[in-house]
Amino acid sequence: MTTFEHVVEAKGHLIDSGIMSNILDRIIEGKCAFTIEQFEVGKTNEDESLARIKIRAPSIELLEELLDVLVPLGCYLVEDEDVHVAPALGPGWVPEDFYSTTNYRTFVRQSGQWQLVQDQRMDGIIRIAPEGPRCVKLRDIRKGDLVVCGHAGIKVVREYKDRERRDFTFMASEISSERRVEVIVRQLAEMLRQTRAAGGRIVVVCGPVVVHTGGIGGLVELIRRGYVQAFLGGNAVAVHDIEHALYKTSLGVHLETGVPAHEGHRNHMRAINFVNQYGSIAGAVNAGALSSGIMYELVKNGIPFVLASSIRDDGPLPDTIHDMIAAQARYAELLKNAEIVMILGTMLHGIGAGNMIPSWVRTICVDINPAVVTKLSDRGSSQTVGIVTDVGLFLHLLKDQV
């Protein structure tokens, strides 16, 4: 019986991270056989392990399918072979065997040299250009662009929290509502202080639940103290923040008493109507008409923000970007070079932002629903760690710690 073979290597903290067992499990699940030709185990916390594995498959199709799974786990072909490239067939149209990127640090081999891929993100295409390899969205590919295909000459380097991210290990356990929030917030606050002191960028991705749960005061303090360098959200968070600033309600309910306001259901539309007369949120702030809240502090402190539209939007506000492609591009622009991303009470915008950042960006997701936190991680943002708690309570605790 004819068999097809490839030899792959994997290097890193293969044992304590579970990567080695994951690799072998995937080989067996892929109906292939393997022989471990070499396995050198790191002897200290700093040492990396090295595994060389020969894989045998009954068909070339099964072998290629298995490599699709193993390369993102950190395996790479041992042959000294440069990356394979082919021209794009048309706008947004690439060869069938194109390489689809992960959010892990990726290198491609060109002229015998490993080169780091820039703008790393998941679900992208690697385009080869004179300035070097770069991740781009499929929609940004033009006819004739050289794109990476197959598996040769590609090396993925995984992040290992337990060894390489000691400042982030306090979040490394499974997501649970039973962990003490105060302890986690105290350690997170220290990480934020260190990042701010070093001039690092902290990006907040926010949903309207921050307003509904009374978290405005906590987030406002973080903005004032310089812990927010960019703000991403949808139309709703801005509308309800402005509604609260003008009428002290959110969704028509007084936040201080929990009592619905008379005709309070109109208040969010009144807020939109109010901003419309000034042409923008900044226009309302600069005219002195809007004088408190999250959006006010962002404008007054010169913090860039993006509001991305959705099918649910009322209004929307004049600042809200209706074109989803343009909104995605603006999100990606503000997420670039972020060191910490905090996702507060939003699954939609949280997953969207998570898809745009590389695996080495420290990502914190806070939500009262554990399913929201786990879903973000399940969608590929495996670096995400979660705090299952009330977002408003979290922000007040964090404000007191920083």
Side-chain angles (χ1 to χ4, degrees), residues 159 161-207 209-233 237 241 293-294 296-298 300-305 334-335 337-346 349-350 353-354 357 359-370 372-373 376-377 381 383-402:
E159 299 292 312
K161 295 177 188 174
D162 289 348
R163 298 261 183 130
E164 297 179 5
R165 303 300 294 272
R166 293 181 177 87
D167 60 338
F168 209 37
T169 56
F170 67 93
M171 309 284 279
S173 60
E174 291 185 0
I175 295 162
S176 171
S177 59
E178 298 179 358
R179 291 190 291 168
R180 183 162 180 176
V181 175
E182 291 87 350
V183 175
I184 299 171
V185 168
R186 193 159 55 240
Q187 293 169 315
L188 173 60
E190 178 58 29
M191 187 172 70
L192 292 174
R193 282 193 295 269
Q194 292 176 2
T195 302
R196 179 177 177 275
R201 298 186 70 249
I202 302 167
V203 179
V204 169
V205 185
C206 196
V209 71
V210 168
V211 180
H212 305 331
T213 57
I216 293 176
L219 185 51
V220 160
E221 282 301 312
L222 292 178
I223 296 170
R224 287 174 179 167
R225 298 176 191 178
Y227 287 100
V228 178
Q229 277 67 57
F231 181 92
L232 310 177
V237 64
D241 168 65
I294 297 168
Y296 167 81
E297 293 294 341
L298 292 172
K300 294 301 288 185
N301 289 277
I303 308 300
F305 64 86
L334 292 189
L335 285 165
N337 299 321
E339 293 193 15
I340 297 176
V341 173
M342 288 199 297
I343 299 169
L344 307 176
T346 172
H349 298 282
I357 56 178
S359 64
W360 55 88
V361 177
R362 292 170 290 188
T363 308
I364 300 98
C365 180
V366 184
D367 204 287
I368 196 66
N369 185 353
V372 173
V373 183
L376 181 63
S377 181
S381 301
Q383 81 273 19
T384 304
V385 290
I387 304 175
V388 181
T389 189
D390 178 269
V391 176
L393 171 64
F394 163 81
L395 285 168
H396 282 294
L397 291 173
L398 185 59
K399 170 210 43 168
D400 292 339
Q401 291 296 326
V402 298

Please report the C-alpha distance between V228 and E297 in whole Å, then the side-chain angles of each, then the deciding distance to 0.1 Å, and finally whether the side chain to side chain contact (heavy atoms under 4.5 Å, CB included) criterion is met. CA-CA 11 Å; V228 178; E297 293 294 341; over 6 Å; no

Just by distance, do the side chain of R225 and the backbone of K399 share a donor-acceptor pair under 3.5 Å? yes

For the CD1 atom of I202 and the CG atom of L222, what is their distance to the nearest 0.5 Å? 8.5 Å

Just by modelled atom types, is the Q401 backbone N or O under 3.5 Å from a matching donor or acceptor in the R193 side chain? yes

Supply the atom-to-atom distance L398 CG to R186 CZ, rounded to the nearest 0.5 angstrom. 12.5 Å

When rounded to the nearest 0.5 angstrom, what is the spacing between OG1 in T389 and CD1 in I368? 5.5 Å

Stepwise side chain to side chain contact (heavy atoms under 4.5 Å, CB included) test for R362 and T195: CA-CA 11 Å; R362 292 170 290 188; T195 302; 3.3 Å; yes

From M342 atom CE to L395 atom CG, the distance as rounded to the nearest 0.5 Å: 7.0 Å

Return the minimal non-hydrogen interatomic distance between Y227 and L192, and the atom names on each side. CE2-O, 3.7 Å

Heavy-atom nearest pair, H349 first then V205, reads O-CG1, 3.7 Å

Atom of G207, atom of V237 and distance for their closest heavy-atom approach: O-CG2, 3.6 Å

With distance as the sole test, does D241 use its side chain to make a donor-acceptor pair with the main-chain N or O of I294 at under 3.5 Å? yes

Atom pair NZ (K300) and CG (L298), whose distance is rounded to the nearest 0.5 Å: 12.5 Å

Is there a donor-acceptor contact under 3.5 Å from the side chain of Q229 to the main chain of V203? no

Hey, does the side chain of S381 reach the backbone of T384 with a donor-acceptor pair shorter than 3.5 angstrom? no

Measuring only between side-chain heavy atoms, which start at C-beta, is L393 closer than 4.5 Å to H396? no

Backbone of G392 reached by a side-chain donor or acceptor of T213 within 3.5 Å: yes

Got I357 and Q383 here, is their nearest side-chain heavy-atom distance under 4.5 Å? yes

Determine whether a donor-acceptor pair (N or O, by modelled atom type, separation under 3.5 Å) exists between the side chain of R224 and the backbone of N301. no

Of all heavy-atom pairs linking C365 and L376, the shortest is CB-CD2, 4.0 Å

Shortest non-hydrogen contact from D367 toward V373: CB-CG2, 4.0 Å

Determine the minimum heavy-atom distance between F231 and I303, stating which atoms define it. N-CG2, 4.5 Å

